[in-house]
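What follows is one structure encoded as structure tokens, with my remarks underneath.
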Amino acid sequence: MRLAVVGSGYVGLVAGACFAELGHDVVLVDNDPDKLAALQQGEVPIHEEFLPELFHRHHGKRLSFTDNTVDAVRASQAVFIAVGTPPMHSGEADLSYVESVARDIAGAIGDYKIVVDKSTVPVYTSEWVRKIMLLNGAPHGCFDVASNPEFLREGTAVTDFLYPDRIVIGADSERCIDLLREMYKPLIDGSYYDCPTAIPGPNGCKGPAPIIVTSARSAELIKHASNAFLAMKISFINAVANICEAVGADVEQVREGMGTDARIGRRFLYPGIGYGGSCFPKDVSAFHSVARECGYEFGLLDEVMRINDDQRQRFIRKVRTALWTLKGKHLGVLGLAFKDGTDDIRESPAIAIIQSLLAEGCRVTAYDPAAMDRAAEVLPSSTVKFAQSPYDVAKQTDAVLILTEWQEFKHLDLARMRESLRYPIVIDGRNLFRPEDMEKHGFIYLSIGRPDIVPQEELVKFRRAGQLLGK
Ligand SMILES: NC(=O)c1ccc[n+]([C@@H]2O[C@H](COP(=O)([O-])OP(=O)(O)OC[C@H]3O[C@@H](n4cnc5c(N)ncnc54)[C@H](O)[C@@H]3O)[C@@H](O)[C@H]2O)c1
């Protein structure tokens, strides 16, 4: 099939490359000239496993790029909308990008096409897109609008797309549903997974992908409700971690005990410095606004957001507990991206924490395997330096903070890190290390929801030096 994807960001780019991988001819549209020029030259602008491979396979063959929405729509049977839906001050989603694309598409409809919303949008958006298109001259009966929400996670976006937990098709016309089924056929019937060049699935997963067909409204709600639920799971375990800290219990043990219950599950039950990224914060507040708009006060979501904000403040209090005063301190930071596997720093808790520490008068030396270039665009060069390796971060800093759960940090040579540090203080916002390992290597180690590790000899030394460590 010939497909157009309008918006070549994280979602559009991954979806477009994966649809090309499934055998479709895809034209990706974007109105950012710099991004477009890079894409046309074959550059992959985001850090995402397997995306360069898909680009290499399909660029200039089944995958092309343009800034011309009208031409792309005319040449396609299906048009995906994958533009941003950022939050407004009120918390509602800003749908002006979606509206603008709907207007552009309307003018290019001649024969029957389907318009598919992949952006995360509030319920009723499909109806609004339809109305806008009709108002802007799209002929009646010549198009259908569907919702096909995207559940990919940054860091594992390609495999999430090709090996999805489910594909949700929300449409109110059989013709439209049939076209969408056809588009995803290699995943639904499993034929893609038999292909020798198929991108390997997580843990040898072999599909086929389950498909769920719903009304457009239900599909829109599925996406918002799913993200809000996942955010709630994160806030819940963070609240539990705070109780663990108060009573001297270990949240990792509590998490294991809870997560083995199949009804609860282990995933998204990791305590830390709170959720971030371009989706959860905005989707929780957008869903809250949707609920309010339809007359339901979703107070639970207020609490999810409050716990999340509070978690960052608690982490800063931990740093203060370890270092007594913050002004003039030099901190090493491991991790800038909002999560591992990506260079995305949008709404990254790591960036927010660094900004708070800078406001308190700290200096920072940071390392991230992928996100340093992006972080350099938003952090002041006068007080933030970037290091070439995690060990360089440790050199001459007063403490090391772990702010992103990059798996490579888990395998650091702790003895080497201990040697590089001026003071052996590690404050781990992601619970990456085992407290017993940190104790063995002589670190003062503060993490989330677990008892602090303060080796006796260090306690004596630092108390003498006038610092308030531990209790
Ligand atoms: N990033 C994720 O992990 C993720 C996952 C699932 C769903 N989503 C949702 O998908 C949507 C897109 O998210 P994203 O992260 O890909 O955003 P993004 O900001 O990375 O990409 C959006 C792209 O759309 C382009 N654009 C905006 N207006 C345009 C127009 N009129 N014509 C052509 N191009 C235009 C922008 O230049 C940009 O490249 C959002 O609704 C988001 O909530 C994102």
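Atoms within each ligand, like the ligands themselves, are counted from 1 in listed order.
- Here's the thing with Asp104: none of its N/O atoms is less than 3.5 angstrom from an N/O atom of ligand 1.
- Between Ile46, Asn31, Thr342, it is Asn31 that holds the heavy atom closest to atom 33 (C) of ligand 1.
- If you check each of Glu99, Glu150, Arg346 against atom 19 (O) of ligand 1, the one with the closest non-hydrogen atom is Arg346.
- The heavy atom nearest to atom 11 (C) of ligand 1, out of those in Leu13, Thr85, Val83, is found in Val83.
- At a threshold of 4.0 Å, the pair Arg62-Glu21 does not count as salt-bridged, since none of the basic side-chain nitrogens sits closer than that to a carboxylate oxygen.
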Exercise for review: Might you work through the side-chain hydrogen bond (donor to acceptor under 3.5 Å, both in side chains) test for Ser173 and Asp144, ending with a clear yes or no?
Suggested key: CA-CA 7 Å; Ser173 114; Asp144 279 306; 2.9 Å; yes
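- The aromatic rings of Tyr275 and Phe280 stand perpendicular to each other, their planes meeting at an angle above 60°, with 30° marking the opposite boundary.
- Among protein heavy atoms, atom 7 (C) of ligand 1 sits closest to Thr120 OG1, 3.4 Å.
- The option with the heavy atom closest to atom 44 (C) of ligand 1, from among Asp94, Val11, Leu39, is Val11.
- Only the side chain of Val101 comes within contact range of ligand 1, with a heavy atom under 4.0 Å; no backbone atom does.
- Counting heavy atoms closer than 4.0 Å to ligand 1, residue Lys223 contributes side-chain atoms (C-beta onward) but none from N, CA, C or O.
- Not a single N or O atom of Asp32, backbone or side chain, sits closer than 3.5 Å to an N or O atom of ligand 1.
- Close approach of ligand 1 to Cys279 (heavy-atom distance below 4.0 Å) involves ligand atoms 2 (C), 3 (O), 4 (C), 5 (C), 8 (N), 44 (C).
- More than 12 heavy atoms of other residues, nucleotides or ligands shown are found within 6.0 angstrom of NZ on Lys131.
- At under 3.5 Å, a nitrogen or oxygen of Lys35, whether backbone or side chain, sits near a nitrogen or oxygen of ligand 1.
- Here Asp111 pairs with Lys113 in a salt bridge; the nearest charged N to carboxylate O distance falls below 4.0 Å.
- Backbone and side-chain nitrogen or oxygen atoms of Lys282 are examined, and one is located within less than 3.5 angstrom of a nitrogen or oxygen of ligand 1.
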Exercise for review: Kindly determine whether Glu405 and Asn431 satisfy side-chain hydrogen bond (donor to acceptor under 3.5 Å, both in side chains), including the steps that lead there.
Suggested key: CA-CA 8 Å; Glu405 68 277 28; Asn431 285 4; over 6 Å; no
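- Look at Glu127 and Arg217 and you find a salt bridge, because one of the NZ, NE, NH1 or NH2 atoms lies within 4.0 Å of a carboxylate O, short of that distance.
- Atom CG of Asp309 sits in a crowded spot, with more than 12 heavy atoms from other residues, nucleotides or ligands closer than 6.0 Å.
- Under 4.0 Å from ligand 1, the heavy atoms of Ser278 that appear belong solely to its side chain.
- Here is the list of ligand 1 atoms found below 4.0 Å of a heavy atom in Glu154: 1 (N), 2 (C), 3 (O).
- Cation-pi geometry between Arg130 and Phe143 is met: under 6.0 angstrom from the ring centre, within 45 degrees of the axis.
- For Asn203, the CG atom is loosely surrounded, since the number of other residues' heavy atoms within 6.0 Å does not exceed 12.
- Atom 24 (O) of ligand 1 has as its closest protein heavy atom Gly7 CA, 3.4 Å.
- Nearest protein neighbour of atom 5 (C) of ligand 1, counting heavy atoms only, is Leu152 O, 3.5 Å.
- With a heavy-atom cut-off of 4.0 Å, Ala82 touches ligand 1 through its backbone alone.
- Geometrically, Arg292 does not engage Phe298 in a cation-pi contact, judged by NZ or CZ lying under 6.0 Å from the ring centre and within 45° of the ring axis.
- Note that Arg175 lies in the cation-pi zone of Tyr112, set by a 6.0 Å cut-off to the ring centre and a 45° limit from the axis.
- Of the N or O atoms in Lys118, none lie within a sub-3.5 Å distance of an N or O in ligand 1.
- Relative to atom 20 (O) of ligand 1, the option among Tyr97, Phe338, Phe161, Tyr10 with the closest non-hydrogen atom is Tyr10.
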Practice item. Show your working on side-chain hydrogen bond (donor to acceptor under 3.5 Å, both in side chains) between Thr156 and Glu49 and close with a plain yes or no. Key: CA-CA 7 Å; Thr156 50; Glu49 194 180 12; over 6 Å; no
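- Set against the non-hydrogen atoms of Gly84, the atoms of ligand 1 under 4.0 Å away are 22 (C).
- Summary of contacts: the protein heavy atom closest to atom 25 (C) of ligand 1 is Asp30 OD2, 3.2 Å.
- With a 4.0 Å heavy-atom cut-off, ligand 1 is reached by the side chain of Val6 but not by its N, CA, C or O.
- With respect to atom 21 (O) of ligand 1, the closest heavy atom belonging to the protein is Gly9 CA, 3.1 Å.
- Under 4.0 Å is where a charged nitrogen must lie from a carboxylate oxygen, and between Glu303 and Arg306 at least one such pair does.
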